[in-house]
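Here's the structure, in structure tokens; my notes come after.
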Amino acid sequence: MTRKIVSSGNVSGNYGNARCDLRATLGSLEIPSAILTASGCAAAGRELDNYFDITQIGGIVTKSIMLAPRSGRATPRMAETPSGMLNSIGLQGPGVESFIENDLVWLRQRGARTIVSIAGGTAEEFGKVAAKLRIAGGFDAIEVNISCPNVEDRGQVFACRPDSAAQVVQTVRRNSDSKIPIFAKLSPDVTDIVDIARSVSQAGATGVSVINTLLGMVINTTTMRPALAGVTGGVSGPAIRPVAVRCVWQIRSALPDLPIIGMGGIRSGHDALEFILAGANAISVGTSIFNDPSAPMRIQTELQQELASRGFTSLAQAVSYAHREADIASMEEAPSSAAEDSETEWDFISE
Amino acid sequence: MPMLASVAAESMARKVFSQCSVEESMACGIGVCMTCVLPVIGEDGITRMLRSCVDGPIFRGDRVRWSEIGTVPEGTWGSEALRS
């Protein structure tokens, strides 16, 4: 029982100046802050650097890059929903070669830690993108966006089956420097997310990024047609946070040592803390950036305060803290009959 | 948008230079989300899906493919990858 680090009182006397070590260790990846951006919500960091110093957070997770340039889908690409939104961008991007020459070079010169998100329509394409990145170097980790349709399997999403998810991760692993950590980004649209997490872990993933968007749909009642040109889209934002926290919890329960990057609707340090307590070693901020470009930096400051006010001196202490047995304080608050039971039990043990 | 398209068409017919300030539905407004794109012909003659928030919002009237907004026109940079 590590209850001594939990305090109901005000530890520092001033939460605003409270310091808490936010370092995170994700396998071989060590980052000075556990706050990352979420792929697709930060482009390649350049725009956000106008709003906060991107070297001051844990790192930038770039928008998923594919082998060839890609126009993306037609518009409308976005629909709003209560506490969230749908997007159907279609992975618009310049292709990996231009990404390496322009974006990766800039991120490196800027001194930002970089996790490159990669995507593909076949396992082979994922491998080719990884191979080009391997030659280029100059980044810290790879995130594998397996929530792409497999063009060789009737457009079935790689992330939805343990074997296809593992195949992609294995291909990326084989085509990457063995020292580069690889994170598989999992879809919540599966029967058992633990199955997928276990499968990608066995295939060589360093850890998992949890969760990608949920597949959703909106009908425009004026046109009486789908609101998105792509018909379906990914739901993100605060609306999906409980789903994301549940996924982190389930994976952490089953795989105690697997590094987890948690994400899904985080808009405050308080939200971020939920993910950490559920078992995430680090977190990503995504959709929140759209209404507050400085959200990652703000959330980093807020999370530090949230942790310090609960008596944690480091973020690492709080990881998975919600998985512990109910502590004594909550037993004291329990109904009197329960309290009597526990007393009886204690007497028995002391004999 | 139809008004801007008409202005651009009228300008082109009269060989008058025009600039139009477009506004597409946006999520971020700062260039990271790729929501507010529309097909615009570049100086190299190639059509790209450009962001109205940071690549625009002001474009030359004769460069925007007005009638094809809401589509990815054939030949747009990177459109083969999506169609294959």
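In what follows, chains are A, B, ... by sequence order, proteins preceding strands, each numbered from 1.
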So which heavy atom on A43(A) is nearest to which on G31(B), and how close?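 That closest heavy-atom pairing would be CB-O, 4.5 Å.
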
Please report the closest heavy-atom contact between G70(B) and A74(A), naming both atoms and the distance.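 Minimum heavy-atom separation between G70(B) and A74(A): O-CB, 3.2 Å.
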
Verdict with reasoning, T35(B) to I89(A), per side-chain contact (heavy atoms from CB on, under 4.5 Å): CA-CA 7 Å; T35(B) 294; I89(A) 308 295; 3.9 Å; yes

Looking at Q92(A) and M49(B), would you say the former's side chain and the latter's main chain have a donor-acceptor pair under 3.5 Å?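 Judged by distance alone, yes, a pair lies under 3.5 Å.
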
Keeping the roles fixed (side chain from R70(A), backbone from S79(B)), state whether a donor-acceptor pair exists under 3.5 Å.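 No, the answer is negative, given that no donor and acceptor are paired below the 3.5 Å cut-off.
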
Under a 4.5 Å cutoff for heavy-atom pairs, which residue among C36(B), P39(B), A27(B), G29(B) has the most contacts with chain A?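 Among C36(B), P39(B), A27(B), G29(B), the one with the most close pairs to chain A is A27(B).
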
Steps toward side-chain contact (heavy atoms from CB on, under 4.5 Å) verdict (V72(B), R73(A)): CA-CA 7 Å; V72(B) 179; R73(A) 294 204 182 93; 5.6 Å; no

Over 12 foreign heavy atoms within 6.0 Å of [atom1], [X]:
{"X": "E68(B)", "atom1": "CD", "value": "yes"}
{"X": "R267(A)", "atom1": "CZ", "value": "no"}
{"X": "Q156(A)", "atom1": "CD", "value": "yes"}

Contact check, side chains of F290(A) and I30(B), non-hydrogen atoms, under 4.5 Å: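 Sidechains of I30(B) and F290(A): no contact.
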
Give, for atom [atom1] of [X] and atom [atom2] of [Y], the distance between the pair rounded to the nearest 0.5 Å.
{"X": "L91(A)", "Y": "M34(B)", "atom1": "CG", "atom2": "CE", "value": "11.0 Å"}
{"X": "L48(A)", "Y": "C28(B)", "atom1": "CG", "atom2": "SG", "value": "8.5 Å"}
{"X": "M78(A)", "Y": "C33(B)", "atom1": "CE", "atom2": "SG", "value": "7.0 Å"}
{"X": "E80(B)", "Y": "S71(A)", "atom1": "CD", "atom2": "OG", "value": "8.0 Å"}

A229(A), part contacting chain B, at a heavy-atom distance under 4.5 Å: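 A229(A) has no heavy atom closer than 4.5 Å to chain B.
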
In terms of heavy-atom pairs under 4.5 Å with chain B, which of G72(A), A44(A), S88(A), P76(A) leads?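 Max contact count across the listed options: G72(A).
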
Chain B: which of G93(A), G121(A), P94(A) shares the most heavy-atom pairs with it under 4.5 Å?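 That would be P94(A).
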
Using the salt bridge (charged side-chain N to carboxylate O under 4.0 Å, His left out) rule, take E47(A) and R51(B) through it: C-alpha gap first, then chi angles, then the decisive distance, then the call. CA-CA 13 Å; E47(A) 294 84 1; R51(B) 299 164 291 185; 3.2 Å; yes

Chain A heavy atoms under 4.5 Å from E24(B): which part of the residue, side chain, backbone, both or neither?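 The answer is the side chain of E24(B).
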
